[in-house]
Amino acid sequence: HHLQTPEQIATASTPSVSPLRFPPKDLFAARAQRLRQLAAGHAMGDFLNFSAALADAQQTVLSGYAAQRPDESILERSRRHGMPPLDAEGAAPEAGWRARLFALLDALQPLAPSAVLAPIARLRALEAATLADEARAILQLDNGPLDFASAPLLAAALQVEWTARALTLKAADFTIGMETSLCPVCGSHPVASTVRIGDAGHGIRYAQCSLCACEWHVTRVKCVPCMDTRDIHTLSLETTDGEQHHPGVKVEICGSCHSSLKLMSMEKDPLVDPFADDLATLSLDLLADDEGFHRAGRNLFLFTP
């Protein structure tokens, strides 16, 4: 007789658990709110507040953008081959994306710290072909041709593009089979994973895409990057008095592939946002790095050479 894990039991008893969750329409506004909350008294408060301003600018552009739903033939082909319909590696942004990038820069400019004004001006001055090349480099994880000061601004615009397009999709567009390391919607890497609460399936874990913010179900106690279940541990930040610092966030480390990915818990902190809380817990990445694990989560506001 096969013993079920608590998660298998929970999944079986909640038929409403969706293998895929699409982002809410107010995704970036909610993220900005969380970033401001995290910024209060934080050593990286200025950076988190700037990230909140950038997320607000993203929401402004998203709210005015009705993306095209992918052609039915593309959706059908994706279903047949189990491929992401909004494939980020092979696709270019939709027509008009440059205008939306400039709209994002317009919304950000009045709130931008002086250090960000030059990167904003740089993006505005780039030729369309160069801008498209840099966008493609971000989508294809190629840091080579990037300017690291302006890359997060360009990446923020790409997040708006892919989130808007994800919002045109519905669950029936997918045949979800095996659990996967990459986003089933656009093929991008996750930023982190979250154990959710409430109607979404209490105690069920979802990985969140770093680009389109869709979430897909991955069984707990499984390494999202390599899908192994054998050698999984978590690290957390403890303060001097043994209290947990940032109790809603741990980092999951895998002995098989030596990668680390943040694990957020809404049970410990119902307000966690995978993207915002990832930025606020970079010291956890240092901790995992010191132990010999490389960061697998991708955060598009963080670019390093």
Side-chain angles (χ1 to χ4, degrees), residues 18-32 54-108 123-124 126 128-129 131-141 151-176 182-191 206-216 273-275 298-301:
S18 166
L20 195 57
R21 293 170 52 86
F22 296 101
K25 289 186 169 62
D26 67 345
L27 171 80
F28 297 114
R31 184 175 287 172
L54 187 48
D56 277 332
Q58 288 178 297
Q59 187 65 52
T60 300
V61 179
L62 180 70
S63 300
Y65 172 29
Q68 286 285 311
R69 183 172 153 79
D71 203 64
E72 222 37 64
S73 62
I74 291 172
L75 291 171
E76 164 55 32
R77 193 166 66 235
S78 300
R79 273 196 299 275
R80 202 167 55 241
H81 298 294
M83 300 292 288
L86 304 180
D87 175 30
E89 284 221 9
E94 279 189 356
W97 81 277
R98 196 165 171 236
R100 288 186 290 276
L101 165 66
F102 290 169
L104 180 132
L105 299 177
D106 288 343
L108 180 65
L123 288 175
R124 285 191 200 281
L126 280 186
L131 202 53
D133 285 345
E134 292 195 10
R136 201 171 297 109
I138 289 171
L139 296 171
Q140 295 178 351
L141 282 80
L153 308 178
L154 189 50
L158 294 172
Q159 281 184 326
V160 173
E161 294 293 308
W162 260 264
T163 302
R165 291 160 78 184
L167 286 168
T168 69
L169 300 172
K170 46 189 192 283
D173 294 329
F174 295 84
T175 44
I176 301 288
L182 299 176
C183 174
V185 177
C186 75
S188 296
H189 287 257
V191 61
Y206 289 87
Q208 187 182 73
C209 178
S210 55
L211 181 66
C212 73
C214 289
E215 299 185 21
W216 66 100
D273 170 271
F275 193 89
R298 189 177 194 218
N299 195 307
L300 288 177
F301 285 8

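Numbers here simply count residues along the sequence, with the first being 1.
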(message) Is the shortest side-chain heavy-atom distance between L169 and L86 below 4.5 Å?
(response) yes
(request) Indicate the atoms forming the closest heavy-atom contact of D106 with R124, along with that distance. (result) OD1-NH2, 2.9 Å
(request) Please confirm whether R100 makes a cation-pi placement over W97, using NZ or CZ under 6.0 Å from the six-membered ring centre and within 45° of the ring normal. (result) no
(request) Please confirm whether the backbone N or O of T175 pairs with a side-chain atom of R79, one donor and one acceptor, at under 3.5 Å? (result) no
(request) Show the numbers, then the answer: is there a side-chain contact (heavy atoms from CB on, under 4.5 Å) between I74 and M83? (result) CA-CA 10 Å; I74 291 172; M83 300 292 288; over 6 Å; no
(request) Over all heavy atoms of both residues, which pair between W216 and S188 is shortest? Give the atoms and the distance, please. (result) CH2-O, 4.4 Å
(request) Rounded to the nearest 0.5 Å, what's the gap from SG on C183 to NE2 on H189? Could you check? (result) 11.0 Å
(request) Would you check if the side chain of Q159 reaches a backbone N or O of S210 as a donor-acceptor pair within less than 3.5 Å? (result) yes
(message) Ignoring hydrogens, what is the shortest heavy-atom contact between L123 and F102? Give both atom names and the distance.
(response) O-CE2, 3.9 Å
(message) Tell me if a side-chain donor or acceptor on D173 pairs with a main-chain N or O of K170 at a distance below 3.5 Å.
(response) yes
(request) Start with the C-alpha distance between L154 and L131, add both sets of side-chain angles, then the distance that settles side-chain contact (heavy atoms from CB on, under 4.5 Å), and finish with yes or no. (result) CA-CA 9 Å; L154 189 50; L131 202 53; 4.1 Å; yes
(message) Within this structure, what is the CG-CD1 distance for the pair D133 and I138, rounded to the nearest 0.5 Å?
(response) 11.5 Å
(message) Let's go through L75 and R69 carefully: what are the C-alpha distance in whole Å and the side-chain angles of both, what is the deciding distance for side-chain contact (heavy atoms from CB on, under 4.5 Å) to 0.1 Å, and is it a yes or a no?
(response) CA-CA 10 Å; L75 291 171; R69 183 172 153 79; 3.3 Å; yes
(message) Quick check for you: to the nearest 0.5 Å, what is the distance between L167 atom CG and L27 atom CG?
(response) 8.5 Å
(message) Is there a side-chain contact between Y206 and P274 in this structure, where contact means two heavy atoms from C-beta onward sitting under 4.5 Å apart?
(response) no
(request) Starting at CG of L104, measure out to CG of L54 and round the result to the nearest 0.5 Å. (result) 6.0 Å
(request) Can you see which heavy atom on A213 is nearest to which on R31, and at what distance? (result) CB-NH2, 4.3 Å
(request) Could you tell me whether R80 and E76 have a side-chain N and a carboxylate O separated by less than 4.0 Å? (result) yes
(request) Mind checking the CG-CG spacing from L139 to L158? Nearest 0.5 Å is all I need. (result) 5.0 Å
(request) Please work out whether the ring planes of F174 and F22 are parallel, tilted or perpendicular, with thresholds of 30° and 60°. (result) tilted
(message) Looking at Q58 and A156, would you say the former's side chain and the latter's main chain have a donor-acceptor pair under 3.5 Å?
(response) yes
(request) Mark yes or no for whether T60, through its side chain, and D56, through its backbone, hold a donor-acceptor pair below 3.5 Å. (result) yes
(request) Kindly check if the number of other-residue, nucleotide or ligand heavy atoms within 6.0 Å of CD (Q140) is above 12? (result) yes
(message) Checking E89 now: which residues fulfil side-chain hydrogen bond (donor to acceptor under 3.5 Å, both in side chains) with it, not counting sequence neighbours?
(response) none
(message) Between V191 and L300, is there a side-chain heavy-atom distance shorter than 4.5 Å?
(response) no
(message) Can you confirm whether V185 sits close enough to C209 that some side-chain heavy atom of one is under 4.5 Å from a side-chain heavy atom of the other?
(response) no
(request) Could you tell me whether a side-chain N or O of Q59 sits under 3.5 Å from a main-chain N or O of F28, the two making a donor and an acceptor? (result) yes
(message) For the backbone of A29 and the side chain of D26, can you confirm whether one donor and one acceptor N or O come within less than 3.5 Å of each other?
(response) no
